Amino acid sequence: MSEQTDINKPFEPVIIGFTCNWCSYRAADMAGTARMKYSPNIRLIRLMCSGRLDPTFVLKAFAGGADGVMITGCHPGDCHYVEQNYKALRRFIILKKTLQQFGIEAGRIKLLWASAAEGAFFTEEVNKFVEQVRALGPLQWPTSGGGLEKMFAVPEHMLVKEVTV
Amino acid sequence: MKEYVYFPGCSLEKIAISYHLSAVETTQKLGIKLTELEDWNCCGATAYFHVDELLAYTLTARNLAMAEKIGSEIVAPCSACYKNMYFTNVHLNEDPDLAEHINEALQEDNLSFSGKMVVKHLIEVFSNDVSSEEIKSKVIYPLSGLRVATYYGCQILRPKKDHEDVEQPHYFEDLMSAIGATPVDFPLKLTCCGGSLLISSRPAAYSMIHNLLYDAQRAQADVIATACPLCQVNLECYQQQVNQEFGTHFAIPVVYFTQLIGLSMGIPPKKLGFGKEFLSPKKAIDAIKNIKSQEEVITQ
Amino acid sequence: MTEKIGVYVCHCGTNIAGIVDVEDVAKWAAEKLQRRGVVIARDYKFMCSSLGQELIEKDIKELGLTRVVVAACSPHLHEKTFRNACKNAGLNPYLCELVSIREQVSWVHTDKVVATEKSKAIVSGGVERVIWHEPLEPLRVPIHPATLVVGGGIAGIQAALEIADAGYHVYMVEREPSIGGHMAQFDKTFPTLDCSACILTPKMVDVGNHPNITLLTWAEVTNVDGYVGNFQATIRQKARCVNTELCTGCGICWEKCPKKVIDDVFEAGLGKRKAIYTPFPQAVPRYPVLDKANCTYFLKGTCKACEKFCPTGAIDFTQQDEFLQIDVGQIILATGWDLFDVRRMPQYGYGRLANVFTSLEFERLSNASGPTGGKIVLRDGVTPPASVAIVHCVGSRDKNYNPYCSSICCMQSLKFAHLVHERTGAEVYNCYIDIRTPSKGYEEFYQRLLEEGTHFIRGKVAEVTNAYRTPEEEGKLIVQVEDTLIGKQRRIPVDMVILSAGLEPRHDAKEVGRLFGISCSADGWYIERHPKLDPVATMTDGVYIAGVVQGPKDIPASVAQGAAAAARALGKIQQKEVAMEPIRATINEDKCSGCRMCNTLCPFNAILFHEDKMVSEVNPALCQGCGTCVAACPAGAISGTGFSNEQILAQLDGLLLLNIKRLEEIPA
């Protein structure tokens with residue numbers, strides 16, 4: 001859950017960003033190379049393609065404590081795998097509706113198309129989104145009680161491997 | 001029956017009265033209803049927007065707000081009025097904060113600007129809203145042999161709107177062809193007439209008018225047809241001064257396109273405001289065989 | 001199962017260490033993630049250096065590391081470096097994960113405390129993820145030794161000759177009846193003023209005669225299947241209506257053909273050709289082509305003069321388009337460019353004012369085998385101009401049309417100026433924005449033109465008009481331009497205006513790109529793998545680009561790229577097989593319910609359906625690893641190596657520090 005221990009400190013949302021290896025991840029790289037600055041609230045996960053995005057990832061992110069999720073990919077027509085970003089788009093539309101039914105505001109999830117050359121655009125959009133989520137406040141997703149634990153428990157075979165030293 | 005809110009603009013009251021008369025007559029003939037906007041105010045012309053932008057927008061918004069109460073499309077014969085209203089509409093639609101601010105002032109008059117008005121130039125009514133077949137059907141005296149230089153002027157096409165052709169438009173020429181006249185090749189048809197420079201920098205304006213008249217003469221035009229009162233005044237009323245300045249001998253009549261359309265439709269010339277010009281188009285018009293057979297001839 | 005994880009946090013000099021407290025991150029990893037398997041966590045100045053890599057190798061050998069996490073720059077830069085280091089030490093390279101704390105943290109954030117905390121989260125994510133990595137072997141596929149070169153211009157010709165000379169087979173497919181491309185249209189080439197045809201035709205003849213090149217002109221590629229090393233291309237050989245086995249190229253058919261047609265391809269609309277024709281005298285191959293759309297026989301059923309006069313009976317009106325299938329290992333795209341359509345700038349009067357010419361039209365005028373026999377004359381075909389204006393940057397460097405610079409137009413405009421001086425002695429005015437003459441001999445060429453008395457006017461031409469204002473201007477084309485160096489408007493009356501129009505991608509570049517699985521940038525040029533370091537490769541393995549398709553460039557650069565693409569292809573051919581990234585999807589048969597949702601999702605048609613077993617299967621050679629099917633499978637039957645659900649969910653856990661939280665709840 002995002003920290004809100006001190007009322008005087010501004011709420012810092014935690015955002016998870018899914019980027020596609022070919023376009024949007026490279027856009028983030030480009031933003032880095034050009035030393036453009038954006039809010040540190042976002043943490044990126046690299047996928048090969050936005051089409052890889054399983055909606056479960058988004059749900060897990062919210063359940064795990066993220067206040068917002070950003071999904072990024074190549075511009076329609078430019079997908080490295082031809083058309084898989086259209087599939088991501090389809091999923092996103094339904095996902096947004098579903099999330100709203102769960103009580104998760106539409107403003108907490110965002111879909112962004114960014115090409116490898118659009119470092120500046122990527123930066124701007126990240127900053128905008130962070131502020132957007134900040135305005136919505138922490139997600140307050142209950143993680144215990146009422147059987148919720150079981151509902152969102154990680155299935156046995158996917159349990160984080162416990163390692164004993 | 002097509003209906004428009006009619007915004008004559010200040011110049012059509014006096015100096016361009018012939019434009020007003022011919023506009024009303026020709027639209028009537030085509031079954032178009034023009035309802036003059038009551039209590040309309042000046043559009044701000046060219047100068048006001050450079051003096052006080054906020055007040056200028058408010059001024060124009062007032063006209064648009066009043067027009068919204070009585071219609072959905074407003075038509076202006078003058079290019080400057082047209083341009084001001086069109087772009088105020090666009091600008092306020094793009095800047096809702098400014099629109100809200102202006103609406104606060106308009107509220108004092110129980111008015112509200114919503115941005116839904118469609119603004120058109122009078123020539124658009126003839127070239128877009130009415131089919132050329134309809135125009136041709138009303139032509140009784142095709143103006144065959146009349147060589148017309150179709151002078152668009154600049155404010156009718158600039159700033160550029162949507163995807164209109166701002167380099168080689170031809171709707172004005174097509175309109176003249178529909179009434180039987182011969183539009184000539186007039187490359188300077190989109191070049192500025194000098195506008196208000198006549199007041200602030202006269203030699204510059206004379207030079208611009210000279211170029212236009214030279215081009216019209218080169219094209220052997222009998223008349224120049226305009227769609228804007230300021231263009232008409234600049235081109236016609238100062239020909240003598242231009243001649244003095246440049247040693248030329250221009251004597252090209254400058255008329256409004258609605259006057260020509262009216263002539264072709266058989267409307268008596270007096271009703272079209274003929275007879276008020278500096279340079280009489282009588283010679284050119286008389287040369288058109290068809291019109292000569294009319295009983296009422298232009299007298300001046 | 002226990003994993004032994006090594007974490008390495010790079011300083012990258014001060015690039016990372018300047019903002020992120022790297023020592024703290026390493027210490028934190030060693031402490032907090034110890035129970036997750038981290039046995040060692042180091043920080044070092046430059047992990048990518050040989051010393052840095054040795055650190056990793058030593059730890060693998062001495063500590064028996066089973067996983068490695070490096071926190072440094074972007075994986076796009078050094079993933080391979082660290083994978084190699086692991087390989088050298090005997091650890092499967094895919095058990096290494098590189099997470100970015102430079103491009104994603106130190107370079108984009110300013111708050112040091114926050115940046116350090118974020119780096120810790122990123123390292124945590126990397127550690128959780130790497131636990132789920134599996135040892136993978138790259139897929140080795142054999143490379144078919146033949147290569148397909150699409151486009152017979154100078155770049156394609158160079159590429160084809162290099163590969164063919166090396167002893168391997170090349171298929172060259174060219175859409176026009178002859179190879180040669182735009183270079184065949186030019187008269188002279190800058191800066192040497194070599195005759196274009198003289199330097200090009202020997203290469204064209206080489207291609208035509210080469211035992212290792214199968215030349216297919218008047219043909220187009222219609223479909224491409226497969227993957228690097230193993231492409232199947234379908235080519236439509238359009239009907240020439242000439243039997244190439246019998247044709248000797250004698251030319252009697254087009255001599256006798258009565259139907260003349262305006263040639264708007266090769267002659268740029270200035271000259272005519274016949275309905276049956278070869279585009280120019282040195283065409284390779286020499287076989288003519290029948291233009292069915294303009295042939296009297298096809299239109300009215302009469303004539304057949306060509307058939308009557310052909311001494312070998314090679315004319316065949318019944319010939320149909322044929323489809324061929326070829327197998328190749330690699331593809332080079334060198335399809336060239338189209339000229340900017342100057343009609344989009346009506347203020348320059350092209351089409352309306354007779355004596356306004358485009359650059360290609362002027363090339364044909366000045367070409368000795370062109371429609372005027374090399375005489376530079378006005379549209380009347382007779383009068384030489386006494387004054388010529390050359391307009392630079394038409395449609396280029398212009399935010400209303402193309403923002404980029406077309407690279408060759410300045411040199412081309414100077415060349416035109418020279419030719420006009422030489423052949424007509426006319427006054428020449430070059431209206432330019434900047435003079436761009438960067439390559440060898442180019443600046444000297446510009447100096448030469450200055451000495452020849454060319455008038456240079458620095459200003460973008462506003463308009464070309466015939467509306468004269470004085471008797472002196474009457475009958476001339478007036479070029480209205482602001483001479484910015486003297487700060488004055490000028491009206492220059494000239495007889496002829498040449499528009500140096502810009503280079504644009506082919507009108508169907510996007511569709512053609514899709515055929516081959518590559519994409520275009522916003523300007524329409526094909527996207528290279530890296531604009532600085534890898535200009536001829538594309539993101540699609542096995543498909544290369546060469547010449548202006550990659551961006552405007554002159555002939556030497558196109559030739560260099562053609563040779564570079566050929567060298568790449570040859571390198572792979574000689575290795576006989578290529579290693580492909582093992583990021584693939586696999587379907588667990590037991591879980592597959594045969595719903596076939598995945599079948600239609602795959603853009604590479606890599607998923608087959610077995611009717612007998614009612615399950616789907618992924619062809620690992622065709623699969624490109626995008627993972628869309630993995631996400632879509634309702635039964636969760638598809639897993640993706642390299643980006644499996646477990647790996648991503650684990651990374652998510654780590655990024656949100658849930659792993660730490662859980663550990664804190666469990667007593668040590």
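Model, not experiment: these values are computed from the prediction. Because only heavy atoms are used, hydrogens play no part in the values below, and waters and symmetry mates are left out as well, while side chains stay in. Each chain gets a letter, A, B and so on, in the order its sequence line appears, and its residues count up from 1.
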With only heavy atoms counted, which part of [X] is less than 4.5 Å from chain C, the side chain, the backbone, both or neither?
X: Ser115(A); value: neither
X: Leu47(A); value: both
X: Ala28(A); value: backbone
X: Tyr86(A); value: neither
X: Asn41(A); value: neither

I'd like to know if [X] and [Y] make a salt bridge, using a cut-off of under 4.0 Å between side-chain N and carboxylate O.
X: Lys661(C); Y: Glu664(C); answer: no
X: Lys60(A); Y: Glu646(C); answer: no
X: Asp54(A); Y: Arg91(A); answer: no
X: Arg36(C); Y: Glu3(C); answer: no

With a 4.5 angstrom heavy-atom cut-off, is it the side chain or the backbone of [X] that approaches chain A, or both, or neither?
X: Val114(C); result: side chain
X: Ser119(C); result: neither
X: Cys520(C); result: backbone
X: Ala632(C); result: both
X: Ile583(C); result: side chain
X: Asp111(C); result: neither
X: Arg514(C); result: side chain
X: Ile122(C); result: neither

Quiz item: Does NZ belonging to Lys32(C) count more than 12 external heavy atoms closer than 6.0 Å?
Solution: no
Practice problem: Check whether more than 12 heavy atoms from other residues, nucleotides or ligands sit under 6.0 Å from atom NZ of Lys37(A), and answer yes or no. | Solution: yes
Quiz item: Would you find a donor on one side and an acceptor on the other, under 3.5 Å apart, between the side chain of Lys118(C) and the backbone of Ile42(A)?
Solution: yes
Quiz item: Hey, does the side chain of Asn588(C) reach the backbone of Ala637(C) with a donor-acceptor pair shorter than 3.5 angstrom?
Solution: no
Exercise. Evaluate the salt bridge (Lys or Arg N to Asp or Glu O under 4.0 Å) criterion for residues Arg134(A) and Glu12(A): first the C-alpha distance (whole Å), next the side-chain angles of each, then the deciding distance (0.1 Å), finally the verdict.
Key: CA-CA 7 Å; Arg134(A) 199 195 297 272; Glu12(A) 290 300 336; 3.3 Å; yes
Self-check item: chain C contacts, top residue of Met36(A), Glu83(A), Arg46(A) (heavy-atom pairs, under 4.5 Å)
Solution: Arg46(A)
